Asker: 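This is the structure, below, for whatever I ask next.
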Amino acid sequence: MKQQVKDLFASALERLVADGLLPGDGLLDVQVERTRDQRHGDFSSNAAMVLAKQARTKPRDLAARLVESLPPSPLIERVEIAGPGFVNIFLAPAAYRARVPKILVTGPAYGRSDVGAGKRVQVEFVSANPTGPLHVGHGRGAAYGAVVADLLAAVGFRVHREYYVNDAGRQMDILATSVWLRYLELCGEDLPFPSNGYRGDYVWDIAASLHQEHGDDYRYAGDQVCAGLPPDEPAGGDKEIHIDAVIARARRLLGDDRYRLVFDRGLKHILDDIRDDLSRFGVDYDEWFSERSLTERGAIERAIERLRAAGHLYERDGALWFRSSAFGDQKDRVVVRDNGQTTYFTSDIAYHLDKLERGFERVVDIWGADHHGYVPRVKAALAALGDDPDRLDVLLVQFAILYRGGERAQMSTRSGEFVTLRQLRKEVGRDAARFFYIMRRCEQHLDFDLDLAKSQSADNPVYYVQYAHARICSVLRQAAERGMAVDPSPGEVNLEQLTAAHEQALLKVLSRYPEVVEAAALALEPHQLAHYLRELANDFHTYYNAHQFLVEDEGLRDARIKLILAVRQVLRNGLDLIGVSAPESM
RNA sequence: GCCCUCGUAGCUCAGCAGGAUAGAGCGAUCGCCUCCUAAGCGAUAGGUCACAGGUUCGAAUCCUGUCGAGGGCACCA
């Protein structure tokens with residue numbers, strides 16, 4: 001609808017250019033906005049004020065010429081010039097009424113568009129280390145990423161959802177070693193557990209399955225495992241040095257193949273768990289991309305070579321550095337350590353290079369806000385390799401803080417007592433979790449009120465929106481019970497009876513839906529959609545309280561039912577996009 | 001110390017590619033079911049848009065600085 005109005009302005013401006021009133025360049029960005037105030041009409045353009053200088057005219061005079069040049073359209077009832085030079089558009093009531101059949105015909109596709117023009121976009125999100133179950137912090141990234149991906153798909157992008165599996169790092173070695181130590185305990189060995197190891201129950205589970213399947217095959221005597229290790233922290237040592245030594249010991253005793261087996265068992269177990277968890281949360285991926293595969297395919301070597309060839313690497317203190325500071329980073333970064341190992345950052349360069357090489361025109365990364373320091377260096381790497389860093393959008397999602405009974409719910413990581421995403425789902429349900437996670441802008445800290453998320457009241461925005469949907473279904477059931485025919489055909493007869501203020505308001509909100517979806521998608525901001533749905537539900541509830549739908553007058557009844565059918569369709573479409581169910585009854 | 005994000009009603013937040021009198025929800029106060037689900041609706045009160053400058057027809061929105069909150073500054077991942 002907005003686009004149609006925009007098009008009218010664009011052709012008006014073209015005429016003014018043809019008349020020589022305006023220069024032909026720089027006019028492409030016509031600004032047409034929904035008005036905030038009814039009295040200013042439905043749409044408003046500031047074009048005359050913006051262009052007055054170029055036209056060497058007063059804004060109001062230019063506005064007048066602009067209005068004269070607007071092509072006639074059945075969409076528009078009248079146009080007026082207001083204030084310093086705003087052109088205000090009042091739409092014809094018929095234009096709004098026509099929305100109802102449009103929505104009923106388009107159905108689930110109402111709100112979808114093709115502004116993305118089939119461009120390929122990759123959305124990478126969650127990508128938590130597979131060292132344990134997902135916690136509530138990951139949940140926000142999961143919900144946010146899933147909705148961003150769905151929004152982009154809804155406006156015509158070809159979306160590829162991807163999870164980057166950090167299956168190659170030191171944290172994974174710590175996990176593998178933790179599993180092995182627990183396994184040894186199950187075998188009856190008595191050993192101390194490193195303070196830096198993973199202590200969650202899931203580690204015991206993995207160890208138990210290992211033990212069940214392989215018996216004592218991986219068993220070594222406790223003193224053989226512990227002999228000569230540097231002391232752990234409680235014994236006055238360094239926990240990092242200690243755990244590294246334990247890892248090295250595990251590798252030596254088990255040998256590469258058997259160590260890998262333990263390692264992969266832990267990896268697979270946890271990854272399966274994460275995949276299952278996310279899937280139950282309505283979050284599914286097209287690809288689980290293995291970091292290890294980058295090494296195996298030589299992608300990391302290739303990335304280093306490309307940087308070297310481009311002259312952006314140098315050696316210092318025995319390490320190989322990338323001159324990222326030349327591309328906007330704070331300081332240069334190490335790419336190959338003095339011990340010959342590459343860094344996490346090196347993998348990241350290779351990974352992002354790989355993304356662009358796979359032909360994605362745009363890449364969206366969704367990271368925890370604690371990783372924000374990495375944005376400049378990854379962009380620096382892309383720039384250094386001649387790629388456009390603006391093809392990469394990084395969304396930084398702030399942490400979610402849980403509240404229960406007005407108190408901050410505690411969560412600590414290593415101890416294994418953290419609140420997992422699974423626990424949260426169990427407690428508040430998938431719908432509430434999804435909705436709460438995306439109702440705030442990602443840069444905002446999220447106060448997640450567990451009591452509110454569970455409450456079945458109007459205070460709870462999830463129930464509020466869902467209730468509107470259920471109410472409409474209920475009205476239709478009532479109609480059936482009373483033997484009133486419901487005609488879902490999209491005809492326009494009777495619709496001119498929708499003259500009440502509440503009906504006008506609803507029609508207007510319904511007409512805005514595609515614009516909201518587009519704006520939310522392009523800005524990568526799911527919360528816009530959540531806010532819209534609340535507003536639509538509110539307008540419906542107000543209407544419900546003010547008017548009876550199942551009235552005696554058949555024409556009026558038909559019109560009202562068609563209207564609420566349209567409302568129901570838009571509620572469904574919107575809820576579906578944010579991954580929340582639309583219940584028939586509550 | 002340097003960098004990033006944030007600062008809008010008592011609370012939680014929208015609004016920020018500049019636009020007309022700054023909006024919601026919660027909480028507070030007062031109302032609304034003989035009626036399709038009251039898991040609902042209406043009304044009232046509530047603001048120096050952190051502060052100070054600047055840019056211009058116009059600034060909550062853009063720029064600079066100050067203050068405050070959070071986060072990041074590894075040859076960890």
Side-chain angles (χ1 to χ4, degrees), chain A residues 29 31 33 35-37 39-40 44-46 49-50 52-53 58-59 82-86 88 128-129 131 166 168-174 240 291 316-321 329-331 333-348 368-376 396 398-399 403 439-447 449 452 455-464 466-468 470-479 481-482 484 502 522-523 525 527-528 530-531 534-535 537-538 540-551 560-561 564 585-586:
Chain A
D29 193 26
Q31 287 191 52
E33 298 299 329
T35 57
R36 218 177 302 180
D37 191 327
R39 283 168 295 179
H40 299 140
S44 161
S45 176
N46 62 359
M49 287 178 289
V50 175
K53 227 170 222 170
K58 290 180 193 156
F86 289 104
N88 293 336
N129 279 344
T131 52
N166 294 111
R170 174 166 171 268
Q171 293 303 320
M172 285 306 297
D173 282 318
I174 296 177
E240 303 294 347
E291 178 186 359
R316 195 178 76 201
D317 305 333
L320 193 60
W321 296 70
D329 195 6
Q330 290 278 104
K331 61 186 286 271
R333 309 290 171 178
V334 169
V335 173
V336 182
R337 292 196 262 161
D338 57 6
N339 65 7
Q341 291 182 341
T342 56
T343 64
Y344 173 83
F345 177 47
T346 320
S347 297
D348 246 359
D370 53 333
H371 285 71
H372 79 250
Y374 283 80
V375 179
L396 299 168
Q398 292 283 351
F399 295 117
Y403 289 85
M439 72 183 176
R440 299 275 175 260
R441 246 169 63 219
C442 65
E443 308 92 70
Q444 283 282 357
H445 295 267
L446 174 69
D447 286 335
D449 186 334
L452 178 62
S455 82
Q456 305 202 347
S457 75
D459 307 356
N460 185 340
V462 190
Y463 282 93
Y464 185 83
Q466 289 181 318
Y467 182 44
R471 255 187 165 172
I472 295 169
C473 294
S474 173
V475 170
L476 297 172
R477 281 192 297 269
Q478 275 292 323
E481 273 175 33
R482 298 187 202 172
M484 293 169 163
H502 292 115
L522 296 181
E525 291 184 345
H527 77 269
Q528 293 193 26
H531 282 270
R534 219 219 156 265
E535 194 184 335
N538 182 20
F540 169 74
H541 286 309
T542 305
Y543 181 40
Y544 181 95
N545 274 275
H547 296 279
Q548 281 280 311
F549 308 145
L550 303 179
V551 291
R560 289 185 169 166
I561 286 179
I564 65 171
S585 67
M586 292 172 72

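Chain identifiers are assigned alphabetically (A, B, ...) following the order of the sequence lines, protein sequences preceding nucleic acid strands; residue numbering begins at 1 within each chain. Please read these numbers as outputs of a predicted model, since none were measured by experiment.
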Asker: Base, sugar-phosphate, or nothing: which does A369(A) touch, judged by heavy atoms less than 4.0 Å apart?
Answerer: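 Answer is sugar-phosphate: A369(A) comes under 4.0 Å of backbone atoms only.
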
Asker: Counting the atoms with a prime plus P, OP1 and OP2 as sugar-phosphate, which does T542(A) contact under 4.0 Å by heavy atoms, base, sugar-phosphate, or nothing?
Answerer: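 Counting heavy atoms under 4.0 Å across all strands, the contact made by T542(A) is with sugar-phosphate only.
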
Asker: For the P atoms, the ones on rG54(B) and on rA60(B), what distance do you get once it is rounded to whole angstrom?
Answerer: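 Looking at atom P only, rG54(B) and rA60(B) are 15 Å apart.
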
Asker: For rU64(B), which nucleotide is its Watson-Crick or G-U wobble mate, given both distances must be under 3.5 Å?
Answerer: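 Partner of rU64(B): rA52(B).
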
Asker: Which is true for N46(A) with a 4.0 Å heavy-atom rule: it touches a base, it touches only sugar-phosphate, or it touches nothing?
Answerer: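 The residue N46(A) makes base contact.
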
Asker: Atom CZ of R534(A) and atom NE2 of H527(A): how far apart are they, to the nearest 0.5 Å?
Answerer: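 If we round to the nearest 0.5 Å, R534(A):CZ and H527(A):NE2 are 15.0 Å apart.
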
Asker: What contact category does D449(A) fall into here, base, sugar-phosphate, or nothing, at under 4.0 angstrom with non-hydrogen atoms?
Answerer: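 No contact.
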
Asker: Please tell me if the side chains of P461(A) and M439(A) come closer than 4.5 Å, counting only heavy atoms from C-beta onward.
Answerer: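 In short, these two side chains touch, coming nearer than 4.5 Å.
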
Asker: By nearest nucleotide on RNA chain B, pick out whichever of L446(A) and N538(A) is the more 5' one.
Answerer: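 Closest to the 5' end, via its nearest nucleotide, is L446(A).
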
Asker: Atom CG in D447(A), atom CG in L452(A): separation rounded to 0.5 Å?
Answerer: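 Reported to 0.5 Å precision, the distance equals 11.5 Å.
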
Asker: With a non-hydrogen cut-off below 4.0 angstrom, is Q444(A) in contact with a base, only sugar-phosphate, or nothing?
Answerer: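 Sugar-phosphate, backbone atoms only, no base.
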
Asker: Students often get this wrong, so: under 4.0 angstrom with heavy atoms, is D348(A) touching a base, only sugar-phosphate, or nothing?
Answerer: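 The residue D348(A) makes no contact with any strand.
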
Asker: If pairing requires Watson-Crick or G-U wobble contacts with both distances under 3.5 Å, which nucleotide is the partner of rG25(B)?
Answerer: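 By the stated definition (distances under 3.5 Å), rC11(B) pairs with rG25(B).
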
Asker: Is any NZ, NE, NH1 or NH2 atom of the basic residue among R170(A) and E240(A) found under 4.0 Å from an Asp or Glu carboxylate oxygen of the other?
Answerer: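 Yes.
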
Asker: Go ahead and name the base partner of rA59(B); Watson-Crick or wobble counts if both distances stay under 3.5 Å, otherwise write none.
Answerer: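 Per the H-bond distance test, none.
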
Asker: Taking atom C1' of rG72(B) as reference, at what distance in whole Å does atom CD of E443(A) sit?
Answerer: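 Going from CD in E443(A) over to C1' in rG72(B) covers 16 Å.
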
Asker: With centres under 5.5 Å and planes under 30°, do F86(A) and rA20(B) count as stacked?
Answerer: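 Stacked: ring centres under 5.5 Å, planes under 30°.
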
Asker: Measure from CD on Q171(A) to C1' on rA74(B) and round the result to the nearest Å.
Answerer: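 Atom CD in Q171(A) sits about 14 Å away from atom C1' in rA74(B).
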
Asker: What contact category does R534(A) fall into here, base, sugar-phosphate, or nothing, at under 4.0 angstrom with non-hydrogen atoms?
Answerer: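 Sugar-phosphate, no base atom in range.
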
Asker: When the P atoms of rA50(B) and rA22(B) are considered, how many whole Å apart are they?
Answerer: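 It works out to 15 Å between them.
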
Asker: Considering only atom P, compute the distance from rA45(B) to rA52(B) and round it to an integer number of Å.
Answerer: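 Per the computed distance, 27 Å lies between those P atoms.
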
Asker: For rG70(B), which nucleotide is its Watson-Crick or G-U wobble mate, given both distances must be under 3.5 Å?
Answerer: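 Base-paired to rC4(B).
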
Asker: Regarding H40(A), tell me which of base, sugar-phosphate or nothing describes its non-hydrogen contacts under 4.0 Å with the strands shown.
Answerer: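 If one applies the 4.0 Å heavy-atom cut-off, H40(A) turns out to touch a base.
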
Asker: Between rA14(B) and H531(A), is there a base-stacking contact, meaning the centre of the base's six-membered ring lies under 5.5 Å from the residue's ring centre while the planes stay under 30° apart?
Answerer: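 Here H531(A) fails the 5.5 Å or the 30° condition.
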
Asker: How do T343(A) and Q478(A) order along RNA chain B: which one's closest nucleotide is nearer the 5' end?
Answerer: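 It is Q478(A) whose nearest nucleotide is closer to the 5' end.
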
Asker: Between atom CZ in R471(A) and atom P in rC36(B), what is the gap in whole Å?
Answerer: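 The answer, rounded to whole Å, is 10 Å.
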
Asker: Tell me what T131(A) touches on the nucleic acid: a base, only sugar-phosphate, or nothing, going by heavy atoms under 4.0 Å.
Answerer: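 Nothing, no heavy atom under 4.0 Å.
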
Asker: Measure the CD1-NE2 distance between I564(A) and H547(A) for me, rounded to the nearest 0.5 Å.
Answerer: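 Nearest 0.5 Å value for the CD1-NE2 distance: 13.0 Å.
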
Asker: Could you tell me how far apart R440(A) (CZ) and rG25(B) (C1') are, to the nearest whole angstrom?
Answerer: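 After rounding, the reported distance stands at 9 Å.
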
Asker: The side chain of Q330(A) lies closest to which of these nucleotides: rC2(B), rC36(B), rA14(B)?
Answerer: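 Of rC2(B), rC36(B), rA14(B), rC2(B) is nearest to the side chain of Q330(A).
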
Asker: Any idea if rC62(B) is syn or anti, going by the 90°-from-0 cut?
Answerer: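 This nucleotide is in anti.
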
Asker: With sugar-phosphate meaning primed atoms plus P, OP1 and OP2, does S585(A) contact a base, only sugar-phosphate, or nothing at under 4.0 Å between heavy atoms?
Answerer: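 Answer is base: heavy atoms of S585(A) come under 4.0 Å of a base.
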
Asker: NA contact type, A470(A), heavy-atom cut-off 4.0 Å: base, sugar-phosphate, or nothing?
Answerer: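 Base contact - A470(A) has a heavy atom under 4.0 Å of at least one base atom.
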
Asker: Can you tell me which nucleotide in rG71(B), rC36(B), rG19(B) comes closest to the side chain of P84(A)?
Answerer: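 Shortest atom-to-atom distance from the side chain points to rG19(B).
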
Asker: Identify which nucleotide among rG19(B), rU21(B), rC75(B) has an atom closest to any side-chain atom of K331(A), counting heavy atoms from C-beta outward.
Answerer: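 Between rG19(B), rU21(B), rC75(B), the one nearest the side chain of K331(A) would be rC75(B).
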
Asker: As a quick check of understanding, evaluate side-chain hydrogen bond (donor to acceptor under 3.5 Å, both in side chains) for R471(A) and H541(A), giving each step before the final call.
Answerer: CA-CA 9 Å; R471(A) 255 187 165 172; H541(A) 286 309; 3.1 Å; yes

Asker: Can you tell me if H547(A) touches the phosphate of rC36(B), counting only side-chain N or O atoms and a distance under 4.0 Å to OP1 or OP2?
Answerer: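 No, no such contact exists.
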
Asker: Side chain of S44(A), base of rA20(B): donor and acceptor closer than 3.5 Å?
Answerer: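 Per atom types, the contact qualifies.
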
Asker: Go through the side-chain N and O atoms of N129(A) and Q171(A) and say whether any donor and acceptor fall under 3.5 Å apart.
Answerer: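 The answer is no; no qualifying pair exists.
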
Asker: Taking atom P in both rG68(B) and rA74(B), compute the distance separating them and give it to the nearest angstrom.
Answerer: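 That atom pair is separated by 24 Å.
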
Asker: Please determine whether a side-chain nitrogen or oxygen atom of R36(A) lies at a distance below 4.0 Å from atom OP1 or OP2 of rA20(B).
Answerer: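 R36(A) to rA20(B) OP1/OP2: side-chain N or O found under 4.0 Å.
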
Asker: May I have the step-by-step check of side-chain contact (heavy atoms from CB on, under 4.5 Å) for Y344(A) and N166(A), ending in yes or no?
Answerer: CA-CA 9 Å; Y344(A) 173 83; N166(A) 294 111; 3.4 Å; yes

Asker: Quantified in whole Å, what is the P atom distance between nucleotide rG46(B) and nucleotide rA9(B)?
Answerer: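 rG46(B) and rA9(B) have their P atoms separated by 15 Å.
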
Asker: Choose from rC75(B), rG19(B), rU21(B) the nucleotide whose nearest atom is closest to any side-chain atom of D37(A).
Answerer: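 My answer, after comparing the listed nucleotides, is rU21(B).
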
Asker: Once you round it to whole Å, what is the distance between C1' of rA17(B) and CD of Q528(A)?
Answerer: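 These atoms are roughly 13 Å apart.
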
Asker: In whole Å, measure the gap between the P atoms of rC13(B) and rC36(B) for me.
Answerer: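 Looking at atom P only, rC13(B) and rC36(B) are 38 Å apart.
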
Asker: Aromatic rings Y543(A) and H502(A): how do their planes relate, parallel, tilted or perpendicular, breaks at 30° and 60°?
Answerer: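 Tilted, since the angle between the ring planes falls between 30° and 60°.
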
Asker: Over all strands shown, is D338(A) touching base, sugar-phosphate only, or nothing at heavy-atom distances under 4.0 angstrom?
Answerer: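 The answer is base, as D338(A) lies within the cut-off (heavy atoms under 4.0 Å) of a base atom.
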
Asker: Can you say whether a donor on the side chain of H445(A) sits under 3.5 Å from an acceptor on the base of rG70(B), or the other way round?
Answerer: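 No such pair is found, so the answer is no.
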
Asker: May I have the distance from Y464(A) (atom OH) to rA38(B) (atom C1'), rounded to whole angstrom?
Answerer: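 Answer to the nearest Å: 12 Å.
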
Asker: OP1 or OP2 of rC75(B) versus the side-chain N and O atoms of Y344(A): is any pair under 4.0 Å?
Answerer: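 It does not, given that no N or O in the side chain of Y344(A) lies less than 4.0 Å from OP1 or OP2 of rC75(B).
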
Asker: Please classify the nucleic acid contact of M172(A) as base, sugar-phosphate, or nothing, using heavy-atom distances under 4.0 Å.
Answerer: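 Touches nothing.
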
Asker: Hey, what do you get for OG1 (T35(A)) to CG (N88(A)), rounding to the nearest 0.5 Å?
Answerer: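 Output value for this atom pair is 7.0 Å.
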
Asker: Check every atom of rU12(B), rC41(B), rC4(B) against the side chain of H372(A) and return the nucleotide holding the closest atom.
Answerer: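 Nearest to the side-chain atoms of H372(A), counting from C-beta on, is rC4(B).
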
Asker: How many whole angstroms separate atom NE2 of H371(A) from atom C1' of rC73(B)?
Answerer: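 Nearest whole value for this atom pair: 14 Å.
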
Asker: Distance check, P atoms only: rU8(B) and rC49(B), in whole angstrom units.
Answerer: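 Roughly 11 Å separates the two P atoms.
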
Asker: Tell which nucleotide pairs with rC33(B), taking only Watson-Crick or G-U wobble pairs whose two distances are both under 3.5 angstrom.
Answerer: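 Per the H-bond distance test, none.
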
Asker: Starting at atom CD1 of I472(A), determine the distance to atom P of rC36(B), rounded to an integer number of angstrom.
Answerer: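 For the pair I472(A) CD1 and rC36(B) P, the rounded distance is 16 Å.
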
Asker: With rounding to the closest Å, how many angstrom separate the C1' atoms on rG42(B) and rC6(B)?
Answerer: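 After rounding to an integer number of Å, I get 36 Å for this pair.
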
Asker: Does R441(A) have a side-chain nitrogen or oxygen under 4.0 Å from the phosphate oxygens OP1 or OP2 of rG15(B)?
Answerer: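 Answer yes for this pair, as a side-chain N or O of R441(A) is under 4.0 Å from OP1 or OP2.
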
